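Scroll down for the structure; my scribbles are underneath it.
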Amino acid sequence: MMSLERFKTMDPFILLSAVNMQLRDEYSSLEDLCKAHDIDEKELVEKLKAAGFEYVKETNQFK
């Protein structure tokens, strides 16, 4: 599993892949993922939003 500790400086496409993989395989929600990695959910969402991706709760992934 890829660490998300330095998500703020990660390439957004690599971050997208790592987050979606963990949401698919490990976590039932974005909130659970953020708590497990001790990261700010709003910051993560904003970083991916800036790259053109939105979190879709129904599918538990960023698209």
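In what follows, every heavy atom counts, from backbone to side chain, and hydrogens, waters and symmetry copies are set aside. Residue numbers start at 1 and run along the sequence shown. The shown structure was predicted, so the numbers you read here are calculated from the model rather than taken from an experiment.
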Exercise. Relative to each other, are the rings of Tyr55 and Phe62 parallel, tilted or perpendicular (30° and 60° limits)?
Worked result: tilted
>> Side-chain heavy atoms nearer than 4.5 Å, only ILVMFWY residues, links allowed to pass through others: does that put Phe13 and Val19 together?
In response: yes
Any chance CG of Asp38 has more than 12 other-residue heavy atoms, nucleotides or ligands included, within less than 6.0 Å? no
Interatomic distance, CG@Leu23 vs CD@Gln61, rounded to 0.5 Å, equals 8.5 Å
Rounded to the nearest 0.5 Å, the CG atom of Leu15 sits from the CG atom of Asp11 at a distance of 8.5 Å
Minimal heavy-atom distance between Lys63 and Thr59, with the atoms involved, is CE-OG1, 4.0 Å
May I ask you to test the Gln22-His37 pair for a side-chain heavy-atom distance under 4.5 Å? yes
Treating Asn60 as the side-chain partner and Tyr27 as the backbone partner, does any N or O pair qualify as donor plus acceptor under 3.5 Å?
yes
Here the pair of heavy atoms bringing Ser28 nearest to Asp32 is OG-OD2, 3.0 Å
message: I'd like to know if the side chain of Ser17 reaches the main chain of Ile14, judged simply by a donor and an acceptor atom lying under 3.5 Å from each other, with no hydrogens or angles considered.
response: no
Next on the checklist: Within the 4.5 Å heavy-atom criterion, are Pro12 and Leu16 side-chain neighbours or not?
Outcome noted: no
Under 3.5 Å, side-chain donor or acceptor atoms of residues 43-50 against the rest of the protein: list the pairs with distances, not counting sequence neighbours.
residue : atom : partner : partner atom : Å
Glu43   : OE1  : Lys8    : NZ           : 3.0
Lys47   : NZ   : Lys8    : O            : 2.9
Lys47   : NZ   : Met10   : O            : 2.9

| message | For the CD atom on Glu5, are there more than 12 heavy atoms of other groups (residues, nucleotides or ligands in this structure) within a distance under 6.0 Å? | response | no
* Do Leu33 and Val56 sit in the same hydrophobic cluster, where Ile, Leu, Val, Met, Phe, Trp and Tyr count as joined when their side-chain heavy atoms come under 4.5 Å apart? -> no
